[in-house]
Amino acid sequence: MQNTLSIFAERKQEIEFYFSVMVEIDNGNPDIQTVDNTRFYKIMKSNFLLMLYNLVEACIVSGMMEIYEDLKNNNCSYNQVIREIQDIWSKYKINEIYGPVTERVAYENRVQEIIRDITTNAPIILSKDALGISGNLNAKRIKNICDNHRIRYRLATLGESLERVKGSGIAWHMEMFLLAIVQEI
């Protein structure tokens with residue numbers, strides 16, 4: 001989890017710096033002037049929210065990829081992992097070949113490959129595709145990812161922090177949300 005914690009710390013510092021500049025502009029600091037500070041502040045606020053969102057997404061993806069890498073590096077086989085990881089792995093293996101024109105023989109071959117991997121205790125190997133992330137992450141999707149991996153977490157609120165950041169403005173509750181997830185991973 002060291003990589004995820006490093007990403008979190010680095011992006012947090014960037015966000016804190018960016019926020020301090022926003023505060024200076026909002027307080028009318030004469031050292032920070034643009035053609036239109038009010039308009040520039042609105043742009044900065046939008047960018048700030050995007051930075052917070054990117055922090056969350058990067059930490060979630062990085063944390064999950066570290067878990068997948070540990071499974072592989074520790075040569076964890078199908079029978080050594082929890083049922084949730086078994087389910088994710090089997091769906092991942094099938095999704096690698098799934099398609100509207102996939103022929104039955106491809107599925108038959110994949111089933112045989114899965115059986116061989118299980119019976120020979122081959123290590124579980126998963127990629128980012130196994131997360132099923134397409135499009136934007138929101139609090140519900142992050143919760144589903146954690147639940148699907150049986151990652152237990154505690155939230156400072158009812159899981160609405162990301163939605164508040166995404167929908168309403170600056171909310172520092174994001175850090176508590178992230179820390180709860182990252183510490184549990």
Side-chain angles (χ1 to χ4, degrees), residues 1-72 84-85 87-89 91-92 95 126-185:
M1 297 305 347
Q2 211 47 43
N3 185 50
T4 301
L5 294 173
S6 293
I7 289 170
F8 178 76
E10 182 180 319
R11 295 217 179 161
K12 180 182 172 195
Q13 286 178 342
E14 291 171 359
I15 288 169
E16 287 171 343
F17 171 74
Y18 194 86
F19 184 71
S20 71
V21 172
M22 288 178 63
V23 168
E24 292 296 315
I25 289 174
D26 195 39
N27 290 337
N29 183 334
D31 295 335
I32 301 175
Q33 285 298 315
T34 66
V35 174
D36 183 350
N37 272 10
T38 303
R39 196 165 136 202
F40 185 61
Y41 182 77
K42 287 179 183 177
I43 293 167
M44 289 185 75
K45 186 176 175 182
S46 294
N47 191 52
F48 180 76
L49 297 174
L50 184 59
M51 290 172 73
L52 284 175
Y53 175 80
N54 287 337
L55 167 77
V56 171
E57 186 170 345
C59 287
I60 295 298
V61 171
S62 174
M64 297 310 300
M65 293 312 302
E66 285 189 63
I67 290 170
Y68 291 173
E69 194 63 28
D70 279 352
L71 291 173
K72 180 178 132 190
E84 288 82 355
I85 298 296
D87 292 346
I88 290 166
W89 179 78
K91 288 175 187 171
Y92 170 72
N95 281 338
L126 296 163
S127 76
K128 183 180 174 185
D129 294 338
L131 293 174
I133 297 174
S134 60
N136 294 332
L137 286 178
N138 60 24
K140 183 178 180 182
R141 185 67 187 118
I142 291 169
K143 181 183 178 314
N144 287 342
I145 288 170
C146 291
D147 290 344
N148 289 343
H149 289 80
R150 198 166 64 178
I151 294 172
R152 301 300 175 235
Y153 49 88
R154 295 175 315 275
L155 300 175
T157 64
L158 296 177
E160 299 141 358
S161 296
L162 184 57
E163 295 306 321
R164 271 190 250 144
V165 167
K166 192 174 176 186
S168 66
I170 301 166
W172 282 103
H173 301 319
M174 178 65 66
E175 183 175 347
M176 295 306 295
F177 177 78
L178 278 173
L179 285 174
I181 291 174
V182 171
Q183 287 173 352
E184 292 298 320
I185 295 174

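Being a predicted model, the structure only gives us computed values, none of them experimental. Residue numbers start at 1 and run along the sequence shown.
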Compare all side-chain heavy atoms of [X] with those of [Y] and state whether any distance is below 4.5 angstrom.
{"X": "Leu131", "Y": "Leu126", "answer": "no"}
{"X": "Ser46", "Y": "Leu50", "answer": "no"}
{"X": "Ile67", "Y": "Ile151", "answer": "yes"}
{"X": "Met51", "Y": "Glu14", "answer": "yes"}
{"X": "Thr4", "Y": "Phe8", "answer": "no"}

Residues forming a side-chain hydrogen bond (donor to acceptor under 3.5 Å, both in side chains) with [X], sequence neighbours excluded:
{"X": "Thr38", "answer": "none"}
{"X": "Asp129", "answer": "none"}
{"X": "Asn29", "answer": "Glu24"}
{"X": "Asn47", "answer": "Tyr18"}

Salt-bridge test for Asp147 and Lys143: reply yes if a basic N is under 4.0 Å from a carboxylate O, no otherwise.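 So Asp147 pairs with Lys143 through a salt bridge.
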Can you tell me how far the [atom1] atom of [X] sits from the [atom2] atom of [Y], to the nearest 0.5 Å?
{"X": "Ile60", "Y": "Cys146", "atom1": "CD1", "atom2": "SG", "value": "5.0 Å"}
{"X": "Glu10", "Y": "Leu55", "atom1": "CD", "atom2": "CG", "value": "10.5 Å"}
{"X": "Lys128", "Y": "Met65", "atom1": "NZ", "atom2": "CE", "value": "8.5 Å"}
{"X": "Ser127", "Y": "Glu69", "atom1": "OG", "atom2": "CD", "value": "11.0 Å"}
{"X": "Ser20", "Y": "Ile15", "atom1": "OG", "atom2": "CD1", "value": "12.0 Å"}

What pair of heavy atoms forms the shortest contact from [X] to [Y], and how long is it?
{"X": "Met22", "Y": "Phe48", "answer": "SD-CB, 3.6 Å"}
{"X": "Val56", "Y": "Ile142", "answer": "CG1-CD1, 3.3 Å"}
{"X": "Ile133", "Y": "Arg141", "answer": "N-NH2, 4.2 Å"}

Listed by chain and number, what are the side-chain contact (heavy atoms from CB on, under 4.5 Å) partners of [X], not counting sequence neighbours?
{"X": "Asp70", "result": "Asn74"}
{"X": "Asn27", "result": "Val23"}
{"X": "Phe40", "result": "Ile25, Thr34, Met44"}

Can you name the residues that form a ring-ring contact (aromatic ring centres under 6.0 Å, His included) with Tyr68, not counting sequence neighbours?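 Testing Tyr68 for ring-ring contact (aromatic ring centres under 6.0 Å, His included), a comparison that skips the adjacent residues, returns His149.
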Applying salt bridge (charged side-chain N to carboxylate O under 4.0 Å, His left out), name anything that partners Asp26, two or more places apart in sequence or on another chain.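 Partners of Asp26 by the salt bridge (charged side-chain N to carboxylate O under 4.0 Å, His left out) criterion come out as none, since no residue qualifies.
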Could you pull out all residues at least two apart from Arg150 that satisfy salt bridge (charged side-chain N to carboxylate O under 4.0 Å, His left out)?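 So Arg150 forms a salt bridge (charged side-chain N to carboxylate O under 4.0 Å, His left out) with Glu84.
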